[in-house]
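Because the structure is a prediction, the values reported are computed rather than measured.
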Amino acid sequence: MLRAALAARAGNWPEAVRRCPDSDLDLAETGVVHALAVGALRRLGEEDGRHTEFGTAALAIVLWAHLLDEDDPGDFRALLTERRGAPVPDELWEDARRHLLGRITDLLDALDVRAGRDVLAAWKTAWEAERATLAVGLSAVGPDGLIPVSRAARQLLAHGHRQALLDAYTARHPDTATWSADSPDHRACADLIAQALAEQAQDRVRAQEWSEALTDFTTAARLGLTLGAAERTAVVRAGKNVGRSRTGRGYSPITRIQGLEQAHALLPDDDALAAELAAELVRQGRKVFDSDPRQSRDRFTRALLVSPGDHDARTGLDDHLRADLRRTVDGEQPRERIHEGRVRELLLRDPDYAPARRWLGDHYAEQAVANASDGRTAAARSAVRDMLRYGGDGDPYNEYDEEDIDEELVALLFHAALFAEAENPRTGLERRVDLLSTAVGVAGPAHGPVREALDRAVLDLAESLEATASPSDVIRLFLRDLLRIGVSARFDRTVETAYLRRAEIREEEGDFGGARHDRACAVRIGAGLPDQGLLFGPAPGGDGHDDSGQGALF
């Protein structure tokens with residue numbers, strides 16, 4: 001301590017700070033401690049910018065807190081008695097002590113204001129904390145203040161400076177949505193800020209500032225606050241009143257829903273809050289049912305999540321689904337916007353609702369056609385059963401044999417083929433051929449009308465390809481063996497012409513073997529040959545990239 005005092009007398013304050021001990025000041029001579037404390041305080045009071053010296057401030061705070069300690073561990077009162085030559089009366093001692101404490105506090109406060117420090121980094125806060133908890137360490141003065149932020153926050157909260165603490169903390173972290181106990185930026189002070197927010201929220205509940213109170217409780221919960229009985233009671237009271245006023249003129253549905261959501265998140269086990277939130281969501285869902293259907297659905301859906309089994313919320317969603325089904329059946333809305341499972345659930349609640357049955361019947365009919373087209377015959381038959389169950393007589397226990405199912409599937413494919421449409425005629429014709437070919441595969445050769453329809457569709461496609469595509473496209477269709485030679489003279493001529501045209505093209509390209517092969521095929525087709533495997537051997541001189549097995553007609 002003496003070395004520190006000598007360094008200070010020589011003006012070497014960094015050395016004085018380094019030499020001064022952090023503890024056991026009561027073992028040092030009180031006069032030396034006093035001299036160094038007076039020098040440090042004067043140093044801070046100088047107007048030449050040295051008030052920014054944190055080490056000197058720490059020195060003044062530690063030493064004066066030691067000298068003016070109520071227990072007087074360094075016999076400062078004895079030192080004054082010795083210098084006065086007379087005892088110091090109790091009243092005079094207490095008055096002088098309070099006066100000196102006030103002078104030091106005012107000086108440090110003025111320096112804080114001059115330097116623009118907030119209360120979390122203020123020398124005044126460090127001074128009060130040192131007097132209360134011996135918090136300032138001379139060897140660990142940080143860049144942001146004389147004591148850690150957490151100690152500063154604890155000091156402010158313990159001495160009733162909650163608002164100053166929250167103001168300073170909010171100024172440092174303006175986005176309160178990021179305040180979380182898991183965040184490195186908030187971990188050190190999370191419990192203290194949470195406590196301050198909870199106390200502020202209680203005050204706001206008493207002032208009937210419901211939304212603000214719930215926001216404070218929500219932020220406090222993110223910072224790790226566990227709600228006690230008093231806090232739970234306050235949350236319930238705020239939730240019941242948020243968005244309302246005594247006269248009813250200040251009713252705000254948005255504020256009320258947001259507030260009830262906050263209260264429900266804080267108290268998820270409170271059934272009364274959940275029921276109130278669900279009821280408010282249903283009211284607002286009904287209010288915007290026609291003007292904003294999406295928001296209305298969202299309200300009803302949220303109400304069901306909050307209060308599973310809520311009858312009004314379920315009814316609201318069912319009403320939306322009924323409206324969608326009516327629009328879909330009337331052709332005003334795409335079918336894809338409706339989910340199959342929801343329609344089936346609606347039928348469980350309302351078995352006689354005809355638009356739902358019609359929608360499901362059409363839906364499963366489309367599935368049957370799609371599955372059959374992809375070769376999934378078993379799935380197609382299953383879809384036909386569902387179609388008959390919902391779109392037929394409505395009897396879920398009615399059994400259909402395989403023959404009935406296949407008849408229905410063939411009828412569906414036939415109907416889909418008749419109305420097959422696409423962006424261009426070729427695609428539509430190809431789709432029709434594929435559907436009818438699938439139908440023939442399901443029905444078998446005995447089903448004459450379907451076979452005839454397929455023959456007509458193949459002929460139409462062949463003539464369309466002849467007019468708009470290459471000869472190879474016509475030949476590839478012929479090689480699919482959908483329509484045999486001798487059934488349709490027009491088809492035979494179309495294929496014969498395609499072979500002849502391709503023979504000319506191959507001659508021009510120098511593929512004379514391929515050209516001879518195509519002319520030979522054309523001759524055989526023109527002669528109406530019976531079914532055979534290979535009309536000729538491999539095409540002479542043919543290269544390995546000829547299309548679709550052109551050496552084979554069937």
Partners passing salt bridge (Lys or Arg N to Asp or Glu O under 4.0 Å) against Arg204 (at least two apart in sequence or in another chain):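 If we apply the salt bridge (Lys or Arg N to Asp or Glu O under 4.0 Å) test to Arg204, skipping adjacent residues, the hits are Glu209, Asp216.
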
Any residue meeting salt bridge (Lys or Arg N to Asp or Glu O under 4.0 Å) with Asp319, in chain and number order, not counting sequence neighbours: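 Once residues adjacent in sequence are excluded, the partners of Asp319 under the salt bridge (Lys or Arg N to Asp or Glu O under 4.0 Å) criterion are Arg286, Arg322.
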
Salt bridge (Lys or Arg N to Asp or Glu O under 4.0 Å) pairs, two or more places apart, involving residues 220-241: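 Salt bridge (Lys or Arg N to Asp or Glu O under 4.0 Å) check on residues 220-241 returns Arg232-Asp269.
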
Pairs meeting criterion salt bridge (Lys or Arg N to Asp or Glu O under 4.0 Å) with involvement of residues 462-473, two or more places apart: Arg426-Asp473, Glu463-Arg490, Asp473-Arg476

Please list all pairs passing the ring-ring contact (aromatic ring centres under 6.0 Å, His included) test where one or both residues lie in [range], with sequence neighbours left out.
range	answer
residues 342-361	Trp359-His363
residues 209-244	none
residues 322-345	none

Carboxylate-amine/guanidinium proximity below 4.0 Å for [X] and [Y]:
X	Y	answer
Arg297	Asp324	yes
Arg342	Glu345	no
Arg294	Asp298	no
Arg516	Glu507	no
Glu261	Arg299	no

Which residues share a side-chain contact (heavy atoms from CB on, under 4.5 Å) with Asp406, sequence neighbours left out: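 Testing Asp406 for side-chain contact (heavy atoms from CB on, under 4.5 Å), a comparison that skips the adjacent residues, returns Arg381, Val442.
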
Non-neighbouring partners of Thr468 that pass side-chain contact (heavy atoms from CB on, under 4.5 Å), sequence neighbours left out: Ser464

For residues 174-181, which side-chain donor-acceptor pairs fall under 3.5 Å, sequence neighbours excluded?
from   : atom 1 : to     : atom 2 : distance (Å)
Asp175 : OD1    : Ala177 : N      : 3.2
Thr178 : OG1    : Asp175 : O      : 2.7
Trp179 : NE1    : His173 : O      : 3.1
Ser180 : OG     : Asp182 : N      : 3.2

Partner residues of Phe300 under the ring pair (Phe, Tyr, Trp, His ring centres under 6.0 Å) criterion, sequence neighbours left out: His320

Any residue meeting side-chain hydrogen bond (donor to acceptor under 3.5 Å, both in side chains) with Arg314, in chain and number order, not counting sequence neighbours: none

